[in-house]
Amino acid sequence: MHVKPFTRRQAVVLGASLLALAPGLTFAQAKLKVAAVYTVPFEQQWVSRLHLALKAAEARGEIEYKASENVSNADYERVMREYATGGNQLIVGEAFAVEAAARKVAKDFPKVSFLLGSSGKPQAPNFSVFDNFIQEPAYLTGMIAGGMTNSNQIGMVGGFPIPEVNRLMNAFMMGAKEVNPKVEFSVSFINSWFDPPKAKEAAFAMIDKGADVMYAERFGVSDAAKEKGKLAIGNVIDTQAQYPDTVVASALWHFEPAADRAIKLVKEGKFTAEDYGQYAMMKYKGSSLAPLGTFEKKVPAALMAKVKAKEKAIVEGKFSVKVDDGQPKSSAK
């Protein structure tokens with residue numbers, strides 16, 4: 001029997017019919033379009049964690065990802081709108097200095113999902129918020145710092161005294177006090193998210209007054225500690241590879257649990273306005289204490305036993321690190 005081959009038109013019609021029978025097929029196969037708007041460079045600690053998590057989703061083939069770095073506050077709304085009108089289904093970023101503008105854009109694009117770093121509340125129906133609630137590993141690094149200082153003087157240099165920074169500093173100080181009640185702190189803020197020279201100068205001043213361990217909330221602090229032969233504690237990212245003789249430990253933030261949840265919900269059409277803050281906590285693997293690496297043999301075993309016991313208690317829910325968003329104060333004379 002002779003069967004006529006399909007014409008091109010018949011093939012197109014048949015293909016369209018098959019898609020009509022399985023409309024979910026194309027949606028499932030289509031990559032989610034995600035865009036991010038950042039006010040600082042990709043390498044800045046906080047933003048680097050968002051960028052890393054979204055790049056990982058891109059590498060897995062789950063999303064198409066576009067991002068803009070170093071966007072000024074005045075330009076933030078315009079860039080958000082461009083991404084929203086450009087067909088992006090999820091927009092990520094940090095809205096701390098542009099809350100009103102970001103929320104206005106979300107209202108104007110109710111079908112686009114927004115996941116932004118914010119101190120505010122979620123905004124129905126499509127504006128979810130997140131934050132780096134990594135006070136648990138910050139407490140653990142404080143314990144290490146308290147046990148490693150010889151002068152009982154710890155220097156702390158932060159960006160701005162806002163809740164996102166204050167809660168980590170306060171947790172760090174509580175951890176240090178637990179193992180060393182004699183420890184005192186010098187606290188300073190540089191009023192910038194990215195000014196390594198200014199942070200370095202602030203750190204030098206503290207070291208000159210006797211601090212032998214520095215809390216490096218900002219880039220530049222570890223450079224000062226390295227130059228002066230002092231120790232540093234990292235925040236949000238692990239920089240020990242760059243400072244093998246300086247950075248003892250770091251409190252790490254992992255944005256993957258929050259990012260992956262948002263991507264999944266948008267794909268399923270179930271994204272709503274909610275607070276993603278809890279997904280930064282240790283029980284969700286949203287934060288962790290970095291491996292000691294080069295300091296494995298330098299940190300006393302008895303001290304690390306205390307740290308590990310506290311870490312276990314946190315993960316098991318037997319110990320809760322207090323969230324204190326108040327501005328930390330210097331106690332050093």
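Shown here are the ring-ring contact (aromatic ring centres under 6.0 Å, His included) partners of Tyr76, two or more places apart in sequence or in another chain: there are none. Scanning for ring-ring contact (aromatic ring centres under 6.0 Å, His included) contacts around Tyr83 gives an empty result, with sequence neighbours left out. In this structure Lys177 satisfies the side chain to side chain contact (heavy atoms under 4.5 Å, CB included) test together with Val183, Phe185, sequence neighbours excluded. A search for ring-ring contact (aromatic ring centres under 6.0 Å, His included) contacts involving His254 returns nothing, not counting sequence neighbours.
Listed by first and then second residue, the salt bridge (Lys or Arg N to Asp or Glu O under 4.0 Å) pairs that reach into residues 128-151 are Asp131-Arg167, sequence neighbours excluded.
Under the 4.5 Å side-chain heavy-atom criterion for ILVMFWY residues, no single connected hydrophobic cluster contains both Val105 and Val92. Under a hydrophobic-cluster definition in which Ile, Leu, Val, Met, Phe, Trp and Tyr are linked whenever side-chain heavy atoms come within less than 4.5 Å, directly or via other members, Met148 and Met143 are assigned to the same cluster. Ile154 and Val247 are members of different hydrophobic clusters when ILVMFWY side chains are connected at heavy-atom separations under 4.5 Å. Both Val266 and Leu50 belong to a single network of hydrophobic side chains, linked directly or stepwise wherever heavy atoms of I, L, V, M, F, W or Y lie under 4.5 Å apart.
At most 12 non-hydrogen atoms from other residues, nucleotides or ligands lie less than 6.0 angstrom from NZ of Lys306. Residue-environment remark: NZ (Lys298) exceeds the threshold of 12 foreign heavy atoms within 6.0 Å.
Annotation: side chain of Ile134 is not in contact with side chain of Leu252 (no heavy-atom distance under 4.5 Å). Ser287 is listed as a side-chain neighbour of Pro137, based on a closest heavy-atom distance under 4.5 Å. Asp212 has its side chain out of reach of Asn152: every pair of non-hydrogen atoms, C-beta onward, lies at least 4.5 Å apart. You'll find the side chain of Lys31 stays beyond 4.5 Å of the side chain of Ile63, heavy atoms only. Side-chain contact between Met214 and Thr246: absent, with no pair of heavy atoms (C-beta onward) separated by less than 4.5 Å. Under the 4.5 Å side-chain criterion, counting only non-hydrogen atoms from C-beta, Thr141 is not in contact with Val307. Residues Gln89 and Val112 have side chains not in contact (no heavy-atom distance under 4.5 Å, counting atoms from C-beta outward). For the pair Phe189/Asn166, a side-chain contact is recorded, criterion being any heavy-atom separation below 4.5 Å from C-beta on.
Taking the six-membered ring for Trp and the full ring otherwise, Phe255 and Tyr279 have centroids separated by 6.0 Å or more. Centroid-to-centroid, the aromatic rings of Trp46 and Phe130 come within less than 6.0 Å.
Within the 3.5 Å criterion, the main-chain N or O of Glu274 finds a donor-acceptor partner in the side chain of Ser128. Counting only distance, with no hydrogens or angles, the side chain of Ser330 and the backbone of Val187 share a donor-acceptor pair below 3.5 Å. The closest donor-acceptor contact from the side chain of Thr149 to the backbone of Ala145 lies at 3.5 Å or more, if one exists at all. Side chain of Asn235 to main chain of Ala216: no donor-acceptor pair is present (N/O by atom type, distance under 3.5 Å, no hydrogens or angles). Counting only distance, with no hydrogens or angles, the side chain of Asn132 and the backbone of Ala280 share no donor-acceptor pair below 3.5 Å. The closest donor-acceptor contact from the side chain of Asn180 to the backbone of Lys182 lies under 3.5 Å. In terms of modelled atom types and a separation under 3.5 Å, the side chain of Ser192 and the main chain of Phe194 share a donor-acceptor contact. Between the Glu69 side chain and the Phe42 main chain, a donor and an acceptor come within less than 3.5 Å of each other. At least one donor-acceptor pair under 3.5 Å links the side chain of Ser72 to the backbone N or O of Asp75.
Taking NZ of Lys200 as the reference point, atom CD1 of Ile190 lies at 13.5 Å (rounded to 0.5 Å). Taking NZ from Lys209 and OG from Ser151, the interatomic distance works out to 14.0 Å, rounded to the nearest 0.5 Å.
Checking Ser119 against Glu164 by side-chain atom types alone, a donor-acceptor pair falls below 3.5 Å.
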For residues 33-40, please give each side-chain donor-acceptor pair under 3.5 Å, one per line with the distance, not counting sequence neighbours.
unit_1 : atom_1 : unit_2 : atom_2 : d
Lys33  : NZ     : Gly86  : O      : 3.4
Tyr38  : OH     : Tyr65  : OH     : 2.9
Thr39  : OG1    : Glu94  : OE2    : 2.6

Next item on the list: Output, in order, the C-alpha distance, side-chain angles, deciding distance and verdict of side chain to side chain contact (heavy atoms under 4.5 Å, CB included) for Leu231 and Phe295.
Entry: CA-CA 11 Å; Leu231 301 178; Phe295 278 83; 3.8 Å; yes
Next item on the list: Decide yes or no on side chain to side chain donor-acceptor pair (under 3.5 Å) for Ser250 and Gln240, but give the supporting numbers first.
Entry: CA-CA 8 Å; Ser250 299; Gln240 196 184 70; over 6 Å; no
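Both the sub-6.0 Å distance and the 45° axial angle are not jointly satisfied by Lys310 relative to the ring of Tyr139.
With respect to Trp193, the ring pair (Phe, Tyr, Trp, His ring centres under 6.0 Å) criterion is satisfied by exactly one of Phe160, Phe96, Phe219: Phe160.
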